[in-house]
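FYI, side chains are in, hydrogens and waters are out, and symmetry mates aren't considered; it's all heavy atoms of this structure. Here is the naming used below: chain letters follow the sequence lines, and residue numbers restart at 1 for every chain.
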2 protein chains.
Amino acid sequence: MSGEFEERAGGLRERKKQRTRWALIDTALDLFLAKGYEATTIDEIVAAVDVSQRTFFRYFAGKEDVALSFLAEYDQILITVLAERPPAEPPIVALRAALHVSLGAVQDSDEEHTARFRKLRRLIDGTPPLAAGQLRRFFETEQKLATIMARRMGAGLADMRPYLLVASFLTVVRVAFDGCARDEVIDPAAVVLRVEELVALAIETLPGAWSAG
Amino acid sequence: MSGEFEERAGGLRERKKQRTRWALIDTALDLFLAKGYEATTIDEIVAAVDVSQRTFFRYFAGKEDVALSFLAEYDQILITVLAERPPAEPPIVALRAALHVSLGAVQDSDEEHTARFRKLRRLIDGTPPLAAGQLRRFFETEQKLATIMARRMGAGLADMRPYLLVASFLTVVRVAFDGCARDEVIDPAAVVLRVEELVALAIETLPGAWSAG
DNA sequence: GAAGTTATGACAGTCGCTGACAAATGACAA
DNA sequence: TTGTCATTTGTCAGCGACTGTCATAACTTC
């Protein structure tokens, strides 16, 4: 399911919008890969899709956004699932479960969507603005997850422990993605595997590494 | 010592350069605080300092950089000190020691520099581009520290544990800064205290939080 | 004080991005 | 089908960040 959005055909208008949206995304990704991110202009993208530049900026917040926006879906899954986890569950277990569902959605993507993941992954390495953008997305998700976690843990506003836990958890996930980039692991299934492996490694080694202080 | 750079007067030329540099930084910070970051144009900054726009971009990589660049000094301290710590020391102890030195440099700043910290701190909250920029700086420092840590720990390239430790450590520091921002703690001394407190809290609680998985 | 190096200014241009208004297009009811 | 309405799109004009180029000015060195 490359997106539960264009499936629910809300009408011709909505369908058309989704079509341009994905056309812009795919064209942008291809151009970015072919000529480089910075060397590609918005004008080239919109010319290829045959829409006006103004329309581009009605769909996306900026050049960076056209490449990264479709990842937001998975952040949302993470947030939603964590919020619905049983409150009695240990925090780290709940986080891991939410991550598992989110990564599962990545793995269940159709061919088209998998191709986008691959392209984006190859693209982000060696494109600092995109790497920075992804970093920002992680941070935004962290804020939302931390709020949910604080409620789960019944923590007061001054209690930093939920923030600490969520932030360090997402950091592990991010490090896993970075590692995949470094080792040129681009297949979504392989990436997913590696993320969960690193979370397991973190659970195994982090307590010891931190408690030596 | 607001910077070990302008102290070592390398000649008239060098002194003049440092003077314009700080003039640009201070003017920018003041304007950003007065009118807002986005509402302030580079033209306004350079007009106030009476240099050309072109000169501005010879000193700084961009609008964001003029506000954040002077923090780089402290990242550098962190890196240098970690590299010089005795290899036998437990990793977390070495990180903590390096952090202590870096934060010590912040506390030992002169009045002028302390004022800059305050301004920047007030500025970053509610200015997403600057917050994102700081996030990026953290990430860059993380990469460098991780490399040093990998060498310290005698870890191979595939071993992610040094990355994991450094990244989670810097995340704790970052969360501490965020907490200061949220609670409007702007005094450098208070910020420093809070960061070290949160690191202590993390050492106390993170192992337990992570090992429950 | 002359020669050489380096910083600065002026100018022109590209590109990302936005506001405003008019034209086109799909939605819906008569 | 047709007319009305809401929404989307294109056009245009403009701002501001940022860069390359080249001449000029400033410091440095001998």
Side-chain angles (χ1 to χ4, degrees), chain A residues 5-6 8-25 27-29 31-32 34-69 123 127-133 136, chain B residues 5-6 8-25 27-29 31-32 34-69 123 127-133 136:
Chain A
F5 302 116
E6 73 262 41
R8 52 169 78 129
L12 174 56
R13 185 169 259 165
E14 196 61 26
R15 261 181 289 139
K16 249 188 152 173
K17 271 173 62 176
Q18 292 308 326
R19 229 183 304 144
T20 16
R21 178 180 141 86
W22 288 113
L24 284 169
I25 290 174
T27 307
L29 287 177
L31 282 174
F32 290 164
K35 329 186 12 177
Y37 175 77
E38 325 232 19
T40 306
T41 65
I42 309 275
D43 283 334
E44 290 173 316
I45 300 170
V46 299
V49 182
D50 201 52
V51 295
S52 73
Q53 200 201 46
R54 199 63 188 83
T55 295
F56 178 93
F57 286 108
R58 288 202 183 91
Y59 279 85
F60 303 102
K63 190 179 180 180
E64 178 196 304
D65 192 41
V66 70
L68 299 175
S69 66
L123 202 52
T127 311
L130 288 183
R136 242 189 34 223
Chain B
F5 302 116
E6 73 261 40
R8 52 169 80 127
L12 174 58
R13 180 169 263 164
E14 196 60 26
R15 259 180 290 139
K16 249 188 152 175
K17 271 173 62 175
Q18 292 308 327
R19 227 183 306 144
T20 28
R21 180 180 140 85
W22 288 114
L24 284 169
I25 291 175
T27 306
L29 287 178
L31 282 174
F32 289 164
K35 329 186 10 176
Y37 175 77
E38 325 231 20
T40 305
T41 65
I42 309 274
D43 282 334
E44 290 172 317
I45 300 170
V46 299
V49 182
D50 201 52
V51 295
S52 73
Q53 201 201 47
R54 199 66 187 83
T55 295
F56 177 93
F57 286 108
R58 287 201 182 92
Y59 278 85
F60 302 103
K63 190 179 179 178
E64 177 197 304
D65 192 40
V66 70
L68 298 175
S69 66
L123 203 52
T127 310
L130 289 183
R136 243 190 33 225

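- Dashed line: the shortest gap from a side-chain N or O of B:Thr55 to OP1 or OP2 of C:dG9 is under 4.0 Å.
- Rounded to an integer number of Å, the gap from B:Arg19 CZ to C:dA7 P is 16 Å.
- In this entry the distance linking CD of B:Gln53 with P of D:dG20 reads 14 Å, nearest Å.
- Listed for the B:Glu44 side chain is a donor-acceptor partner under 3.5 Å among the backbone atoms of B:Thr41.
- Panel note: side chain A:Thr27, backbone A:Leu24; no donor-acceptor pair is recorded below 3.5 Å.
- Remark: the backbone N or O of A:Glu64 is paired with a side-chain donor or acceptor of A:Tyr37 at under 3.5 angstrom.
- Distance check: A:Thr20 OG1 to A:Asp50 CG gives 11.5 Å after rounding to the nearest 0.5 Å.
- Listed nucleotides D:dG16, D:dT9, D:dT21 differ in distance to B:Arg54; the shortest reach to its side chain belongs to D:dT21.
- Taking 3.5 Å as the limit, the base of C:dG9 and the side chain of B:Arg58 contain a donor-acceptor pair of atoms between them.
- As rounded to whole Å, 11 Å separates atom P of C:dT18 from atom CG of A:Asp65.
- Among the protein residues, B:Tyr59 comes within range of the sugar-phosphate backbone only, with heavy atoms under 4.0 Å from sugar or phosphate atoms but none that close to a base.
- For the pair A:Phe57 CZ and D:dG16 P, the interatomic distance rounds to 17 Å; values are reported in whole Å.
- Where A:Leu12 and B:Asp50 meet DNA chain C, the nucleotide closest to each residue was compared, and B:Asp50 sits on the side nearer the 5' end.
- Distance, B:Asp43 CG to C:dC11 P: 14 Å, rounded to whole Å.
- Taking only side-chain atoms of A:Lys16, from C-beta outward, the nucleotide of D:dC18, C:dT25, D:dG16 with the closest atom is C:dT25.
- Between the CZ atom of A:Phe60 and the P atom of D:dT9 there is a distance of 12 Å, rounded to whole Å.
- Distance, A:Gln18 CD to D:dT7 P: 17 Å, rounded to whole Å.
- Applying the 3.5 Å distance criterion, the base of C:dT25 shares a donor-acceptor pair with the side chain of A:Arg13.
- Rounded to whole Å, atom P of C:dG16 lies 18 Å from atom NZ of B:Lys63.
- How far CZ of B:Arg21 is from OG1 of B:Thr55: 15.0 Å, rounded to the nearest 0.5 Å.
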